[in-house]
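Worksheet: the structure to be examined is printed underneath.
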Amino acid sequence: MAPVAPSTSCYTCSCTLTAGTMMPPRRHRLLFLFLLLLLPVMWADPEGSCKLHLFQTFIFHNNFVDISFWATLEDIIFATRQKYTGNILYLHPWVYPALPAAEWENLQNLFKVYVHNFIRSLSSDATLYKIPYPFVFQGATGCDLYPNGSYTKFYHLAYNAHDFLSFDVDKSRWEGQQECELAAQVERQFNTFTGFSVTLQHLLNVTCVDHMKKFIEYGRSDLERQEAPVATVFARTPRPDQLLLVCRVTGFYPRPISVAWLRDGQEVPPGPALNTSTILPNADLTYQFRSILAVAPGDGHSYACRVSHRSLGTRSLLIPWGSSKVALSVGVTIVVLLTMAAALAGVIWHYRRRS
Ligand SMILES: *[C@@H]1O[C@H](CO)[C@@H](O)[C@H](O)[C@H]1NC(C)=O
Ligand SMILES: *[C@@H]1O[C@H](CO)[C@@H](O)[C@H](O)[C@H]1NC(C)=O
Ligand SMILES: *[C@@H]1O[C@H](CO)[C@@H](O)[C@H](O)[C@H]1NC(C)=O
């Protein structure tokens, strides 16, 4: 298959990070040594961007609003909002030291005012337009920094899972994204809050990138964390005339990975026989992926799954289909040889004692 398009990664962002080589963690090391093959791999580093994003969900019920917030640096959730106090919760030891205490206090105050006013104005609009409860507003905001130093910034708001409103940071204007009275009303209303717009513009145009650089500096070890993939190959037989070879790769970090099937040592090109999953998250901030190749049983070819990942450096994992049988027969041979050697030693010892 074609390599999975490596997603852009903060790791490659020139604003900070230098590549380091690390051994895989100990629990993977044995497997790593067994499976490792010296194959040159071209790492075509994508133009990476660094991302600092803030996600918010407001679920409006009749008599209360359920609020959640989380902030991410790349795919690392580093801060959330404490449910009852509304204070910022710092989820990694490097988060709080990255900014001066006064700045955290300032952000927390701005944030509380924002939440308060957001809920108040949307609640009154909901009443005005007789919107049935419950309804949901979801916000995504933040900035993306590119290696060339340019950056983009955004604030998008969705209402019941549809685009609703956006903030044009450069123009400092709210723009409705829906042809409905509610969107028009909220757009009008938000555009009258000039203090809010000016603050938001500054936060997104200046503060976001400044703070991102700090977080990248302080959170470097988390961003550079590498977990080596563990790959297994097994087969399924959905029909007697079809064998599905499954290459399951899991436990890797960061997200970009390249997985290919080899038929007699040649890479199988993309086609109807090949089916791949998307890269899915595990609970421990590692990822999993699978690639499935349909083959005819007993077609006489040899198959292997090849996995390349940043944690492996220039080497790849190569897992041949049926390798467990080979390993088993080698194991059995060794046991037989050892038994024979022991028997021979026993015979010699016996003979010597007699003579
Ligand atoms: C910087 O890189 C981004 C992403 O590759 C690109 O969209 C943008 O046009 C570039 N800006 C400049 C000034 O080169
Ligand atoms: C955003 O920040 C850049 C760089 O600091 C500045 O040149 C630009 O004028 C700012 N834009 C707005 C709309 O404030
Ligand atoms: C690929 O796998 C998905 C999920 O198992 C399945 O729904 C789809 O039909 C498969 N596609 C092909 C071409 O086998």
Side-chain angles (χ1 to χ4, degrees), residues 2-19 41-56 71-76 79 98-100 102-104 106-111 113-114 117-118 121 139-157 163-177 183 186-220 223-224 254-258 278-279 308-310:
V4 177
S7 68
T8 55
S9 158
C10 196
Y11 195 93
T12 59
C13 182
S14 66
C15 56
T16 51
L17 306 172
T18 47
V41 177
M42 291 287 289
W43 277 116
D45 264 349
E47 258 208 288
S49 68
C50 302
K51 298 180 178 67
L52 178 64
H53 293 175
L54 185 67
F55 300 93
Q56 24 181 321
T72 58
L73 179 64
E74 291 306 291
D75 52 2
I76 301 165
L99 301 177
E103 177 59 9
W104 279 119
N106 178 36
L107 289 173
Q108 184 164 286
N109 289 338
L110 280 174
F111 181 60
V113 171
Y114 163 77
N117 289 337
F118 185 91
S121 64
T141 182
C143 52
D144 296 2
L145 179 63
Y146 298 100
N148 61 16
S150 75
Y151 58 96
T152 53
K153 59 263 170 180
F154 62 93
Y155 182 119
H156 299 301
L157 199 61
D163 288 343
F164 183 73
L165 201 67
S166 288
F167 183 64
D168 185 324
V169 180
D170 291 328
K171 292 188 197 140
S172 191
R173 293 285 304 168
W174 291 94
E175 284 163 6
Q177 304 293 320
V186 177
E187 178 190 328
R188 263 195 312 275
Q189 192 177 34
F190 278 22
N191 277 324
T192 63
F193 303 151
T194 41
F196 175 36
S197 296
V198 167
T199 306
L200 192 59
Q201 184 187 48
H202 189 260
L203 283 174
L204 288 173
N205 191 44
V206 180
T207 315
C208 189
V209 170
D210 285 354
H211 287 5
M212 188 200 302
K213 288 177 180 167
K214 286 287 181 201
F215 292 142
I216 291 167
E217 187 187 329
Y218 281 73
R220 185 182 295 254
L223 289 170
E224 290 182 352
R255 196 174 186 277
I257 197 159
S258 163
T278 50
I279 299 177
S308 310
H309 184 256
R310 196 182 296 279

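For the single chain, residues carry numbers from 1 onward in sequence order. Start at 1 and go down the list; that is how both ligands and their atoms are numbered. Excluded from the calculations below are hydrogen atoms, water molecules and symmetry mates; all remaining heavy atoms, backbone and side chain alike, are included.
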Write out the residue and atom name of the closest protein heavy atom to atom 13 (C) of ligand 2, then the distance separating them to 0.1 Å. Gln201 NE2, 3.1 Å
Test of understanding: given a 4.0 Å heavy-atom threshold, classify the contact between His202 and ligand 2 as side chain, backbone, both, or neither. neither
For atom 10 (C) of ligand 2, the protein heavy atom that lies nearest, with its residue and separation: Asn205 ND2, 2.4 Å
Quick one: does Glu175's side chain have a donor or acceptor within less than 3.5 Å of a partner on Phe167's backbone? no
Does a side chain donor of either Thr72 or His53 reach within less than 3.5 Å of an acceptor in the other side chain? no
For the backbone of Gly176 and the side chain of Glu187, can you confirm whether one donor and one acceptor N or O come within less than 3.5 Å of each other? yes
What protein heavy atom is closest to atom 5 (O) of ligand 2, reported as residue, atom name and distance in Å? Tyr151 OH, 4.4 Å
Give the atoms of ligand 1, by number and element, whose distance to some non-hydrogen atom of Tyr146 is under 4.0 Å. 2 (O), 3 (C), 4 (C)
Full working for ring-ring contact (aromatic ring centres under 6.0 Å, His included) between Tyr155 and Trp174: CA-CA 9 Å; Tyr155 182 119; Trp174 291 94; 5.1 Å; yes
Heavy atom of protein closer than 4.0 angstrom to atom 7 (O) of ligand 2: no
Looking at Lys153 and Asp170, is there a salt bridge between them, counting it only when a charged N and a carboxylate O are closer than 4.0 Å? yes
